[in-house]
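Written below as structure tokens is the structure these notes are about.
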Amino acid sequence: MGILEKIAEIEREISRTQKNKATEYHLGLLKAKLAKYRSQLLEPSKSTGAKGEGFDVMKSGDARVALIGFPSVGKSTFLSLMTSTASEAASYEFTTLTCIPGVIEYKGANIQLLDLPGIIEGAAQGKGRGRQVIAVARTADVVIMMLDATKGDVQRALLEKELESVGIRLNRTKPNIYFKPKKGGGLSYNSTVPLTHCSEKLVQLILHEYKIFNAEVLFREDCTPDDFIDVIVGNRVYMPCLYVYNKVDQISIEEVDRLARRSHSVVISCGMKLNLDYLLETLWEYLALICIYTKKRGERPDFNDAIIMRRGATVEHVCHRIHRTLASQFKYALVWGTSTKYSPQRVGLTHIMEHEDVIQIVKK
């Protein structure tokens, strides 16, 4: 019995089993087995065959965005509209067969946009070069999931399932669980909050499935068995995802309104170039980028050349971005903008910068 058959068998067993208090240990164990088999499936095979053409594109620019979707939903048209790169677009499926990179220039930032080949059902098992597509998606900062508005919610559910099965968690934060395997001493289990989904017995069963008998586990929030399995496996990627519904010019206005009101969703039409500016604004928010301008003493700020940083960046990060020796020669900085109580404010290395702040650095 191959791994795929075992996975299918466990999925059938989970769907057959009723969810109640009596079966929660059994379900927890099945989920642990399922996660174990899926991770085996993702490991490259030991046999050394001829290597196919890889998809990996060198990371460039300030952020990386991956376009994921079924064939013929308008990914290549979107790339051609947003960037100066021309990606072949046609009315048949699988027009794009490899990864095509483009660059969006927005608010002084260069955002790398990757047009990936269409994903089909079963991509996580390697169908239609699905594994390479998903491997590139794991390296992105934000995933844009292109969906056909005329197809309803079927595509969204299928794509979420494919990405979930390879360890990509969309629009979720990492579970607040402390987990550390030990050499001996058995299982040390604690929680700082009342748990409704997990118990000590269930945690022990899941750990035994992974052949871990000595560990320290501390739950700092009420997590499900799935979250705990994610923490044990440790190779999960938590990333923001933007659901973009294309071809909204082909559906009713009531349906457009319903889709637009869903969380993390934007409706656009590449054919009629509708709502693309709002999509860029939303993407900027999801990427959490900020622009910082520099100023020399006695001169006006340079608003043409911004330093692009991540939200939460400090003055020290800005120093390292300008020059690696600047932080060691740093005396103080003067900052104008929304991050200060008054302008200019004299600040140290730990001051957190905000969007469109102006900084003047004074050396020793």
Side-chain angles (χ1 to χ4, degrees), residues 61-121 128 133 136-137 140-160 162-163 170-171 239-287 289:
D62 302 297
R64 186 179 224 185
V65 176
L67 274 175
I68 280 188
F70 279 93
S72 279
V73 290
K75 295 187 298 296
S76 300
T77 315
F78 177 73
L79 181 87
S80 305
L81 279 176
M82 288 296 192
T83 69
S84 54
T85 310
S87 181
E88 193 186 340
S91 56
Y92 55 88
E93 297 189 345
F94 295 108
T95 318
T96 308
L97 294 172
T98 184
C99 178
I100 297 168
V103 176
I104 303 174
E105 290 175 8
Y106 185 66
K107 290 188 182 177
N110 291 331
I111 301 164
Q112 188 182 36
L113 187 66
L114 301 179
D115 177 19
L116 295 166
I119 281 186
I120 54 172
E121 204 177 339
V133 174
V136 173
D141 298 306
V142 169
V143 167
I144 289 184
M145 199 181 277
M146 289 289 277
L147 303 161
D148 192 333
T150 58
K151 299 275 171 68
D153 296 332
V154 183
Q155 290 190 345
R156 180 169 170 167
L158 283 170
L159 281 173
E160 280 176 343
E162 291 297 331
L163 295 179
L170 302 174
N171 296 322
M239 59 167 63
C241 173
L242 201 51
Y243 301 98
V244 176
Y245 291 92
N246 188 20
K247 306 181 186 176
V248 290
D249 48 304
Q250 298 174 19
I251 57 173
S252 66
I253 195 73
E254 292 80 20
E255 182 69 3
V256 172
D257 190 53
R258 187 185 70 84
L259 293 174
R261 287 179 190 280
R262 298 187 70 174
S263 58
H264 312 294
S265 299
V266 177
V267 291
I268 63 161
S269 167
C270 288
M272 296 178 75
K273 299 182 183 175
L274 296 174
N275 214 22
L276 296 174
D277 49 352
Y278 175 69
L279 171 57
L280 271 181
E281 276 176 44
T282 315
L283 182 61
W284 178 267
E285 283 299 313
Y286 274 67
L287 286 167
L289 297 174

Donor-acceptor contact present, side-chain D62 to main-chain N110, <3.5 Å: yes
E254/R258 salt bridge by N-O under 4.0 Å criterion: no
Donor-acceptor pair, side chain of Q155 and main chain of G69, under 3.5 angstrom: no
Donor-acceptor pair, side chain of T282 and main chain of L280, under 3.5 angstrom: no
Where N171 and C241 come nearest, the two heavy atoms and their spacing: OD1-N, 2.8 Å
Separation of E281 CD from N275 CG (nearest 0.5 Å): 9.5 Å
Flag side-chain contact, heavy atom, 4.5 Å: L170 against M145: yes
Distance in Å, I68 CD1 paired with I144 CD1, rounded so as to fall on 0.5 Å steps: 10.5 Å
Where C270 and L81 come nearest, the two heavy atoms and their spacing: O-CD1, 3.4 Å
Student check: side-chain heavy atoms of L283 and V266 closer than 4.5 Å: no
Between CD1 on residue I111 and CG on residue D141, distance to nearest 0.5 Å: 10.0 Å
Spacing of CG belonging to L259 relative to CG belonging to L147, to within rounding of 0.5 Å: 9.0 Å
Between CG on residue L79 and CG on residue L113, distance to nearest 0.5 Å: 5.0 Å
A149 to V248 - nearest heavy-atom pair and separation: CB-CG1, 4.1 Å
Distance-minimising heavy-atom pair for K273 and L276: CA-CD1, 4.0 Å
Point-to-point distance, once rounded to the nearest 0.5 Å, from CG of D249 to OG1 of T150: 10.0 Å
For L287 against A63, the heavy-atom pair lying closest together: CD2-CB, 3.7 Å
Cation-pi check, R156 onto Y243 ring (under 6.0 Å, within 45° of axis): yes
